[in-house]
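Reviewing the structure listed below.
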Number of protein chains: 4
Amino acid sequence: MNIKAADQSKRPRRSDQSRAAILDATRHELIEHGWRKFSVDQVARQARASKQTIYRWWPAIANMCVEAGLDLLPARENKGRDPVERIGDLLRPIEQVAKTSSGHSVLRSAFLAASDDPAAGETFRAWLRDEIRGPLRMILAEIAAKNVIRRDFDLDGALDIFMGPVWSRLVIMRAPLPEDFSRHQAEHLLKILSPN
Amino acid sequence: MNIKAADQSKRPRRSDQSRAAILDATRHELIEHGWRKFSVDQVARQARASKQTIYRWWPAIANMCVEAGLDLLPARENKGRDPVERIGDLLRPIEQVAKTSSGHSVLRSAFLAASDDPAAGETFRAWLRDEIRGPLRMILAEIAAKNVIRRDFDLDGALDIFMGPVWSRLVIMRAPLPEDFSRHQAEHLLKILSPN
Amino acid sequence: MNIKAADQSKRPRRSDQSRAAILDATRHELIEHGWRKFSVDQVARQARASKQTIYRWWPAIANMCVEAGLDLLPARENKGRDPVERIGDLLRPIEQVAKTSSGHSVLRSAFLAASDDPAAGETFRAWLRDEIRGPLRMILAEIAAKNVIRRDFDLDGALDIFMGPVWSRLVIMRAPLPEDFSRHQAEHLLKILSPN
Amino acid sequence: MNIKAADQSKRPRRSDQSRAAILDATRHELIEHGWRKFSVDQVARQARASKQTIYRWWPAIANMCVEAGLDLLPARENKGRDPVERIGDLLRPIEQVAKTSSGHSVLRSAFLAASDDPAAGETFRAWLRDEIRGPLRMILAEIAAKNVIRRDFDLDGALDIFMGPVWSRLVIMRAPLPEDFSRHQAEHLLKILSPN
DNA sequence: AGATAAACGAGACGGTACGTCACGTCTTAGG
DNA sequence: CCTAAGACGTGACGTACCGTCTCGTTTATCT
């Protein structure tokens with residue numbers, strides 16, 4: 001309670017209340033109207049925020065949408081178990097959010113925004129690097145050392161195989177993810193990378 | 001992708017010249033501005049066409065964009081060879097168009113449009129059914145009969161595996177397709193579906 | 001000047017049925033939407049006529065509207081009575097048509113069209129000359145000869161005095177003409193022109 | 001015709017600069033194209049103003065045109081002299097503006113707009129009431145008390161007689177007002193209303 | 001009785017304008 | 001300072017209308 005007062009005492013900085021209301025309204029707008037008909041005016045109106053506040057804190061609308069989508073994802077769990085489960089864990093936050101209709105819509109539109117706007121793609125690609133690609137490389141390197149998979153695997157190719165079906169279902173087909181999606185994806189990836 | 005010339009003897013005389021100019025301008029606009037900032041006014045201006053002509057012949061802008069993208073794809077070849085090559089053939093039109101920077105952009109934006117607009121998704125899904133999913137089912141059923149792959153494979157799951165990396169590279173990552181992409185995809189799919 | 005009388009025996013056979021339907025629809029449109037929002041498409045639709053037919057027979061839309069209005073006016077009666085009544089007779093066709101709400105609207109919009117479009121004004125001014133100004137000059141000259149009015153009256157000034165209140169009520173104020181309007185107008189005019 | 005600057009300290013800050021530019025462009029457009037072909041786009045373009053700004057501050061285009069016309073009229077002078085001159089004074093602002101070709105056109109089109117659009121007629125009728133009808137009633141009542149004119153005169157009838165020729169020349173005939181128009185109109189009115 | 005040539009309905013077309021909405025910038029007033 | 005509010009110039013939206021231009025299809029003479 002009393003610790004945070006130290007740094008925040010200085011100047012009236014960014015309002016967390018505004019930020020939350022704006023991201024909520026952004027998600028609502030993405031669900032309601034999708035990416036192309038997304039309206040900043042509508043977000044400002046619904047969040048009772050000034051457009052100036054939006055433009056001050058986000059470099060572009062697409063970044064705001066990506067942030068609104070990624071904010072939904074729960075933190076990745078990291079229990080040390082067998083490799084298949086650890087790889088599957090990487091997809092589990094997405095799988096969980098995509099179970100609800102609204103979460104599915106928000107994620108789809110957020111990824112759409114990242115694809116359509118090269119600048120916002122940066123925000124998205126940073127997330128992909130930190131949350132998927134990086135951990136995946138670590139795990140794969142680990143099990144490659146044990147010769148469970150071939151040592152000369154191509155990481156980006158592996159990423160395509162691993163994430164491709166996510167984009168396929170979530171973004172392109174607008175369809176729910178099937179049962180046990182994360183585990184099956186992990187199994188498929190290992191099967192492809194197996195050295196035989 | 002071809003409109004029949006059978007009934008053109010009757011009344012509603014659509015101008016093929018306008019249609020071609022509009023689709024060309026659509027492709028140019030998708031390359032230039034992407035999906036969200038796509039401007040119908042700009043297309044009309046550039047095609048020297050009336051906006052009414054656009055709205056008369058396309059149910060929605062997204063449909064027009066999907067059509068503009070799919071129109072680029074060359075006809076699929078169907079030489080009777082081994083299953084891996086026949087499966088790979090399904091991706092070859094896309095692989096070929098995506099080699100050029102502009103073809104890559106147009107296809108990406110067209111798929112974006114199909115994802116963002118549920119109605120236009122129909123046009124896209126019809127193409128997917130006729131050009132990818134249907135042929136793939138035929139080929140897979142054939143080789144399943146020979147026990148090359150498991151007989152109880154899930155077609156939509158196979159489609160995710162087969163097409164997912166396309167969406168991953170083309171749409172999500174905005175990256176070129178790697179060398180021999182079609183053949184590798186076919187091999188991966190068969191490896192996953194293999195019965196062992 | 002009058003070439004058309006010669007050629008009417010020849011080929012171009014104008015359809016009176018179309019003409020009547022078009023003028024009816026024109027009146028309906030003037031009542032419904034007024035002059036500025038008058039729509040040729042609407043007229044064609046309602047008259048089940050082609051726009052080509054309209055543009056073939058009328059040099060401008062305003063002319064068509066003026067014609068549609070003036071066509072409503074019954075023929076002027078010419079009973080030989082005292083000068084006041086003969087002058088009043090000139091206004092009676094208008095007075096009669098303006099009694100109904102729709103006739104009032106059509107006449108107003110027709111005169112509006114004539115005022116707004118210099119070319120169509122010709123059609124209107126020809127009517128004014130033949131139906132009002134000419135006859136009025138004859139009558140006034142006649143009674144000026146008997147010294148009932150001053151001999152050096154200004155005809156156009158008299159016309160302003162005589163017709164002005166018509167425009168005032170009908171066009172400007174959108175108000176019905178008062179009782180005995182024609183007779184009072186005749187009396188006023190003679191009072192102004194009286195020589196005392 | 002003047003908007004007060006008193007309450008401008010409060011919130012809705014209308015740009016006077018925009019308003020003036022828009023009214024100027026409106027006058028130009030009325031002169032150039034008249035009422036039916038009046039283009040809001042053209043006005044916005046010429047005034048370097050947004051169409052939204054136009055639609056925000058005027059309930060209808062016709063109101064804007066009426067305002068643009070009436071704004072031209074100089075303030076009415078009110079020197080206490082004999083009744084004929086005081087009545088003539090009421091017309092003098094119009095007479096003065098109508099002397100120029102452009103003033104003539106603007107006034108005509110403004111009155112046309114008021115006639116064609118019932119809603120905009122209100123703006124016009126308010127002006128007529130305050131600037132013509134009201135003052136005229138006062139003056140006529142005054143001289144009726146001295147038995148110069150009949151005491152039971154009909155004010156609206158008098159208004160028709162007084163203003164009718166204005167509409168006749170200015171609006172209907174598109175002709176200049178004759179010499180000494182205001183004075184003659186006053187004389188005519190008093191002659192008609194004289195009690196003999 | 002057929003041929004012929006115009007007028008006709010229908011409606012697509014390139015344009016322009018409509019009235020509304022959105023974008024991103026700016027200004028004002030309040031905490 | 002940051003915020004809410006909202007006016008502003010710019011320009012796109014999707015619709016309607018303008019005037020022109022084919023299309024076949026009547027239709028009313030003139031062979």
Side-chain angles (χ1 to χ4, degrees), chain A residues 10-15 17-18 21-22 33 36-45 47-57 60-61, chain B residues 9-15 17-19 21 33 36-45 47-57 60-61, chain C residues 9-15 17-19 21-22 33 36-45 47-57 60-61, chain D residues 8-15 17-18 21 33 36-45 47-57 60-61:
Chain A
K10 264 293 166 234
R11 280 285 120 182
R13 284 179 305 177
R14 177 172 189 173
S15 159
Q17 191 179 336
S18 277
I22 287 170
H33 296 299
R36 176 162 151 95
K37 305 204 170 169
F38 182 91
S39 159
V40 180
D41 278 35
Q42 197 64 39
V43 168
R45 219 166 300 149
R48 297 198 141 281
S50 169
K51 286 201 285 177
Q52 193 69 274
T53 305
I54 293 175
Y55 287 109
R56 186 172 5 244
W57 297 112
I61 299 306
Chain B
S9 59
K10 270 286 158 271
R11 299 304 311 295
R13 299 134 317 196
R14 179 172 188 174
S15 159
Q17 192 179 335
S18 280
R19 180 178 177 273
H33 296 299
R36 168 157 226 254
K37 306 203 170 171
F38 183 92
S39 159
V40 181
D41 275 34
Q42 198 63 41
V43 168
R45 219 139 39 208
R48 295 198 143 280
S50 167
K51 285 203 283 177
Q52 197 67 54
T53 303
I54 294 174
Y55 288 109
R56 192 179 355 248
W57 298 112
I61 299 307
Chain C
S9 59
K10 278 267 175 271
R11 282 332 220 13
R13 300 135 314 196
R14 178 172 188 174
S15 160
Q17 190 179 339
S18 278
R19 180 177 177 276
I22 288 169
H33 296 299
R36 175 160 152 96
K37 305 204 170 170
F38 183 92
S39 159
V40 180
D41 276 37
Q42 198 64 38
V43 168
R45 216 138 38 205
R48 296 198 143 283
S50 169
K51 287 202 282 177
Q52 193 69 276
T53 305
I54 293 175
Y55 287 109
R56 187 174 5 244
W57 297 111
I61 300 306
Chain D
Q8 281 186 352
S9 60
K10 271 285 161 272
R11 299 304 310 296
R13 300 133 316 198
R14 179 173 187 174
S15 160
Q17 191 178 337
S18 280
H33 296 299
R36 166 153 228 254
K37 307 205 169 167
F38 183 93
S39 160
V40 181
D41 275 35
Q42 199 62 39
V43 169
R45 218 139 40 209
R48 293 201 141 279
S50 167
K51 286 202 283 177
Q52 197 68 60
T53 303
I54 294 175
Y55 288 109
R56 187 180 299 131
W57 298 111
I61 299 307

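Note that the structure is a prediction, hence the values are computed from the model and not measured. Residue numbers begin at 1 in each chain, while the letters A, B, ... track the order of the sequences.
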Result for 5'-nearest mapping on DNA chain E, choosing between Ser50(C) and Ala44(B), is Ser50(C)

Closest non-hydrogen atoms of Ser39(C) and Arg36(D), given as atom of the first, atom of the second and distance, are N-NH2, 4.2 Å

Side-chain atoms of Tyr55(A) come closest, of dC23(E), dC8(E), dC18(F), to dC23(E)

Checking dA10(E), dT25(E), dC13(E) against the side chain of Lys51(A) (C-beta onward), the nearest is dT25(E)

Heavy-atom nearest pair, Ala21(B) first then Ala47(B), reads O-CB, 3.5 Å

When rounded to whole Å, the CD1 to P distance for the pair Ile54(A) and dG6(F) reads 15 Å

In short, Ser50(C) meets Ala44(C) closest at the heavy-atom pair C-CB, 4.5 Å

Can you confirm whether Arg19(C) sits close enough to Trp57(C) that some side-chain heavy atom of one is under 4.5 Å from a side-chain heavy atom of the other?
no

Notebook entry, point to check: Contact class for Ala49(A) vs. all strands (heavy atom < 4.0 Å): base, sugar-phosphate, or nothing?
Noted result: sugar-phosphate

Determine the contact category for Arg56(B): base if any of its heavy atoms lies under 4.0 Å from a base atom, sugar-phosphate if only primed atoms, P, OP1 or OP2 are that close, otherwise nothing.
base

Assert: residue with more 5' nearest nucleotide on DNA chain F, out of Ala47(A) and Phe38(B), is Ala47(A)

In whole angstroms, the gap separating P of dA16(F) from NE2 of His33(C) amounts to 12 Å

Sorted by chain and number, sequence neighbours left out, side chain to side chain donor-acceptor pair (under 3.5 Å) with Lys37(D) holds for none

Across all chains, not counting sequence neighbours, the side chain to side chain contact (heavy atoms under 4.5 Å, CB included) partners of Arg56(B) are Gln52(B), Thr53(B)

Looking at Arg45(A), I'd like to know if its CZ atom is crowded, meaning that more than 12 non-hydrogen atoms belonging to other residues, nucleotides or ligands lie closer than 6.0 Å.
yes

Considering only heavy side-chain atoms of Lys37(D), the closest of dG15(E), dG19(F), dC8(E) is dG19(F)

* Mind checking Ser39(A) for me? I need base, sugar-phosphate or nothing, with any heavy atom below 4.0 Å counting as a touch. => sugar-phosphate

Between CD of Gln42(B) and C1' of dG15(E) the distance, given in whole Å, is 16 Å

- [ ] Verify the contact: side-chain N or O of Trp57(D) to OP1 or OP2 of dC8(F), cut-off strictly under 4.0 Å; return yes or no.
- [x] yes

Val43(A) and Ile22(A) have their tightest heavy-atom pair at CG1-O, 3.9 Å

Using a cut-off of less than 4.0 Å, is there contact between a side-chain N or O of Ser18(C) and OP1 or OP2 of dG9(E)? yes

Review point. So, is Arg48(D) close to the dT10(F) phosphate, meaning a side-chain N or O under 4.0 Å from OP1 or OP2?
Key: yes

Regarding dC21(E), can its base be found pairing with the side chain of Gln52(D) as donor and acceptor, where the two atoms are less than 3.5 Å apart? yes

To the nearest 10 degrees, the angle between the two end axes of the helix from dA1(E)-dT31(F) to dG31(E)-dC1(F) (five pairs per end) comes to 10°

Rounded to whole Å, CD1 of Ile61(A) lies from C1' of dA22(E) at a distance of 11 Å

With sugar-phosphate meaning primed atoms plus P, OP1 and OP2, does Thr53(B) contact a base, only sugar-phosphate, or nothing at under 4.0 Å between heavy atoms?
sugar-phosphate

Separation of dC18(E) atom C1' from Arg36(D) atom CZ, nearest Å, is 13 Å

In whole angstroms, the gap separating P of dA5(F) from CG of Asp41(A) amounts to 13 Å

Arg45(C) CZ to dG19(F) C1', in whole Å, measures 15 Å

